[in-house]
Amino acid sequence: MDAIVEGFEKALQLIVSGDPEVLGISVRSLLVSGTATLLAAAVSLPLGLAIGVRSFRGKRIVRGVFNALLGIPTVALGVILYLFFSRSGPLGFLHLMYTPLGIALGQAVLITPIAVSFITSAIESVDPEIRHLARTLGAGESEASFAVLRESAGGVALAIVASFNRAVAELGVALMIGGNIRGLTRVLTTAIAIETGRGELALGIALAIILLLLVTAVTIVTSMVGRRR
């Protein structure tokens, strides 16, 4: 118990003093996961909108596939991406292994099904009459769809926040693709796992506290913005 208390005390000292290593890891995690979320949102918004407002053959199957991918193990996805990104893989020429961009792309693949499923649900919860009203007033198909998207802005924002929280908290992809290289690809989750395993309890606790604060802060800010809207 004393070791845990001492670890928390040292962790708070590292955070308050602005330890360069802790700060670097935290900023890198924010940038990598933020990039992954932007990439996933760019794909998920049009996909979720199309699935949510349109009726087509196989729609249930498509939704079922995305829902099934919500539970994909991150380690399994990391192995698959490793095979694609490695030097001998089909995407090896892009040199994405052991780079922050490689981690971001891997996280984007992981969270895209989450974003698509949640965005689709948010759009389908909007009253269909809004789309019909927009078309009655002379709006085109695209304009009517965007009217529905605006009405579901709160749910869409929550979907993106949930995707970011999943990205910043995942371990398997970041470890398999990034390799936890100090000063280059080390992010919060990989650092917590490695440092705690090495017995660096204080640093592990400090990074865990920062990870929790980061996820909480993003969620609270988004909730406040949504209420103002």
Side-chain angles (χ1 to χ4, degrees), residues 30-74 76-78 80-81 84 91 101 103-170 172-174 214-229:
L30 183 61
L31 292 176
V32 168
S33 297
T35 301
T37 305
L38 291 175
L39 292 173
V43 175
S44 303
L45 280 172
L47 272 177
L49 184 60
I51 297 172
V53 301
R54 298 181 183 276
S55 297
F56 54 89
R57 183 176 297 178
K59 179 175 179 177
R60 290 185 178 181
I61 297 176
V62 173
R63 288 214 59 181
V65 169
F66 280 110
N67 290 336
L69 290 174
L70 292 176
I72 184 171
T74 59
L77 178 60
I80 295 172
L81 293 173
F84 274 87
L91 299 179
L101 179 58
I103 301 175
L105 288 174
Q107 290 181 350
V109 173
L110 174 68
I111 64 177
T112 293
I114 300 174
V116 170
S117 296
F118 288 5
I119 289 172
T120 301
S121 297
I123 290 173
E124 288 181 340
S125 66
V126 175
D127 190 344
E129 290 300 322
I130 292 177
R131 184 163 176 258
H132 297 325
L133 178 60
R135 296 179 64 181
T136 301
L137 294 175
E141 190 68 29
S142 297
E143 294 172 327
S145 297
F146 279 111
V148 175
L149 184 61
R150 284 194 297 270
E151 289 296 320
S152 62
V156 171
L158 288 176
I160 294 175
V161 170
S163 301
F164 171 81
N165 289 346
R166 183 69 178 90
V168 78
E170 76 82 29
V173 172
L214 180 61
V215 170
T216 303
V218 170
T219 304
I220 291 175
V221 169
T222 305
S223 177
M224 291 175 63
V225 172
R227 288 180 180 179
R228 290 185 178 181
R229 286 177 59 86

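Numbers here are sequence positions counted from 1.
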Would you name the heavy atoms of [X] and [Y] that are closest together and state the gap between them?
X: Gly48; Y: Ile119; value: CA-CG2, 4.0 Å
X: Val173; Y: Gly78; value: CG2-N, 4.1 Å
X: Leu49; Y: Ile123; value: CA-CD1, 3.4 Å
X: Ile160; Y: Ala41; value: CD1-CB, 4.3 Å
X: Ala40; Y: Ile111; value: CB-CG1, 3.6 Å
X: Ala36; Y: Gln107; value: CB-CB, 3.6 Å

Answer whether the closest heavy-atom distance between the side chains of [X] and [Y] falls below 4.5 Å.
X: Leu30; Y: Phe164; value: yes
X: Ser121; Y: Arg63; value: yes
X: Leu77; Y: Thr74; value: no
X: Thr120; Y: Phe66; value: no
X: Thr35; Y: Leu39; value: yes

Distance check, rounded to the nearest 0.5 Å: Leu105 atom CG versus Leu110 atom CG? 12.5 Å
OG-CD1 distance between Ser163 and Ile114, expressed to the nearest 0.5 angstrom: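 Rounded to the nearest 0.5 Å, the OG-CD1 separation comes out at 5.5 Å.
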Trace of the side chain to side chain donor-acceptor pair (under 3.5 Å) decision for Thr37 with Arg166: CA-CA 10 Å; Thr37 305; Arg166 183 69 178 90; over 6 Å; no
